[in-house]
Amino acid sequence: MTTLKYDTVIKNGLVIDPALGFGKKAYVLIKDGLIAGVERETAALKKALKNIPEDKFIDAENLLVVPGLIDVHVHLREPGREYAETIESGCRAAAAGGFTSVCCMPNTNPCIDNQETVKFVQDRAQNCDARVYVFGAITKNLEGKELSEIGDLVSIGVVAITDDGHYVQNPDIMRRALQYSWMFNIPVAQHAEDEYLCAGGVMNESFQSTRLGMKPRPAVAEEIAVLRDIALARITGARLHFQHITTKRAVNAIRLAKKEGINITAEATPHHFVLTDDEIGREFNTNLRVNPPIRTAEDREAVIEGLIDGTIDCIATDHAPHSEEEKDCEFDQAPSGMIGMETCLGLVKTYLIDKGYLNWADAVRKMTINPARIFKLKGGTLAVGSPADITVIDPNRKWKVKAENFRSKSKNSPFIGYQLSGQAALTILGGKVVFKR
Amino acid sequence: MSRLSSRHLLGLEGVPAADIQLILDTTETFREVLERRIKKLPTLRGITVLNLFYEPSTRTRISFELAEKRLSADTVNFTTSTSSVKKGESLRDTVQNIEAMKIDMTVVRHSSTGVPFFLTRCMDANIINAGDGAHEHPTQALLDMYTIRKRYGTLKDLRVVLVGDVMHSRVIRSNIWGLKTMGASVALCGPSTLLPYEVEKFGCDFYTNLDEALEGADVVNVMRIQLERQQAGLFPSQREYTKLFGINRERLKRLNKNYTIMHPGPMNRGVEISSEVADSDRSVILDQVTNGQAVRMAVLYLLSGREEGGE
């Protein structure tokens, strides 16, 4: 019997891998950037590890060891708005948040509707602290008029298409997008908000928008958009992914459609399961301006319900950096979006796990194997032979969100000042430590 | 001297009854000054007031400016219809530059909700909201309330109907909060497309039938209807609006005997209100304008924190 050599061994951690149905104290063995094993402590293992020097061990006592987290909804802003974020800084933020893979959205400048720009992003992502998967545009320049060269995009590694930020308003174009993407077996990711119903809207429609006299983006805009696209998914058989679902009726519609067997998946963001729209009138914090908007308590509960029963498959952040200058203005003039990668894990722990809605395995599933399967990404599991993308979580670390601690170039988070529990302690990408707190 | 509980007037929502009472009582004093031959007091001498108007306004701006001048404040006007974003300078930079010239109080009107609050975070000056988006216009509501109180001696238990574009009216919102705090009974009336979402949560009665709304009311405060609402598809035509929601002599029969007609202006005569009603002896529309100046003098005086009142 030959002695196994491992490059790194993570010991004493509670290993949670929903894909393997694993949730025990174990050793995670890494060799050549890949997972070489997840094993319980036995005499045989101890013997095998005997010759491995001490400095190759990572002690994860009292910590969780999970597959590297995946965020399927991130804006990296490069090319075009490098002052707000770059691929490099966004990946640094990802690593600090415990994410080893991110999917970047195509609303850059130029927009990701062509091979050149995909290649540019892929090139810039080399040697960054996270894997970057690219979503291409459904339509040229995100205009909702003509399909992008989707085949071309898929051929160089685009994993999904989306006009994120814009709903594909024309149902005929959306139908064609679903039909066409079906050939390539990639999901179409939709930002589901009817633009006519949202025209000029800056916050959720509720008594809060009534009280503040602000133009609303009604819940029914999401419901209608979701129902229309479910109907189109039904007749095309294509794979449809709903981004950031926020309303009770949209969650219900997706639940029913899934029961019917329609090929759809959905994600929800931390800000939609944590915040409610009555926050806005307190200080008009422009970091609360986001599309789709923060909704009512009832909607928030429905999103959590959808996360619990599996209607919502993924937790994604919609990390949307904007500079301080852009956000320091009138509420209705501010650009939409907030950063999210560095607060996600703490919000999941504090607002879903500590409240008893999800256990760690459920939460980790929605940030690892579910997104990996939907978008056919590497990893998402610690199965032998998978890339050694691993997140070590300190589940009970109490921490306060502070602007100066963000690694993202932008600080536009409404959670600044929040006291959270749970944070990434160590992030490993392809066997290499890319972040250590 | 009694004091207000805040050093700004951002809106009437949440403002305690004692503050409103104090403003209305103080208005009484200044209203009297306006009847004198020399309508000027030294109260705010040495205080500089900035009138920051990001939206076109004639009467509110003139009313504030005159109120400031009658109190001997130094005034400076900044008026622009282009938003700061388009101009390329941020709102924060604009106001901090002006404040660097030593401004004590700022009166602000802006098309965005929350701008008066925003200014409290970038200036040391006292902030007075002269209208922010469709949110609040507190001095207009205060002058409406003063005018009503002047006529009836109280606001308590009076039935006040606010008619018009509830959705877009900051005057209506401020009136709702102020009147409710002072114990009046408030009813809203307008086309269903201009009643905002969950309007019932204001805690007022609301109607889409004008005659029902007017039944047994003491005061009717008629709001201007803006033509662009029709263009946005919120009602079919001006003609139909007038037919359904226009106040005319015939409608007034349903009101209490001692009724009062109000309008914050500017009026579309023959649209939301007939000339006959607007010019009748029950109309206090011009009194509102005069009282508005006194209310603004009271607000400026109280917020300034100046101890030496009167002459």
Could you tell me whether [X] atom [atom1] has more than 12 heavy atoms of other residues or ligands within 6.0 Å of it?
X: A:Glu298; atom1: CD; result: no
X: A:Lys327; atom1: NZ; result: yes
X: A:Gln419; atom1: CD; result: yes
X: A:Arg407; atom1: CZ; result: yes
X: B:Asn77; atom1: CG; result: yes

Checklist entry - When you look at B:Phe118 and A:Phe331, which way does the ring-ring contact (aromatic ring centres under 6.0 Å, His included) test go after all the steps? => result CA-CA 9 Å; B:Phe118 181 84; A:Phe331 188 87; over 10 Å; no
Checklist entry - Minimum heavy-atom separation for A:Asp332 to B:Thr113, with atom names? => result OD2-N, 4.4 Å
Checklist outcome for this item: Here the pair of heavy atoms bringing A:Phe207 nearest to B:Phe202 is CE1-N, 3.6 Å
Checklist entry - What residues of residues 177-199 of chain B sit under 4.5 Å from chain A when only non-hydrogen atoms are counted? => result B:Trp177, B:Pro196, B:Tyr197, B:Glu198
Next on the checklist: Strictly less than 4.5 Å between heavy atoms, which residues of residues 163-173 of chain B line up against chain A? Please order them by number.
Outcome noted: B:Arg173
Checklist entry - What class does the angle between the rings of A:Phe284 and B:Phe117 fall in, given that below 30° is parallel, 30 to 60° is tilted and above 60° is perpendicular? => result tilted
Checklist outcome for this item: Those residues of residues 211-224 of chain A that come under 4.5 Å of chain B on a heavy-atom basis, listed by number, are A:Arg211, A:Leu212, A:Gly213, A:Met214
Next on the checklist: I'd like to check A:Glu325 versus B:Ser90 (side-chain heavy atoms, cut-off strictly below 4.5 Å). Are they in contact?
Outcome noted: no
Item to check | Minimum side-chain heavy-atom gap A:Thr210-B:Lys201 below 4.5 Å | outcome: no
Next on the checklist: Quick check on B:Glu200 against chain A: is it the side chain, the backbone, both or neither that has a heavy atom closer than 4.5 Å?
Outcome noted: neither
Checklist entry - When only pairs under 4.5 Å are counted, which of B:Gly11, B:Gly133, B:Ser112 shares the most heavy-atom pairs with chain A? => result B:Ser112
Item to check | Listed partners of B:Arg224 passing salt bridge (charged side-chain N to carboxylate O under 4.0 Å, His left out), at least two apart | outcome: none
Checklist outcome for this item: Here the gap from B:Asp132 atom CG to A:Glu330 atom CD, rounded to the nearest 0.5 Å, amounts to 11.5 Å
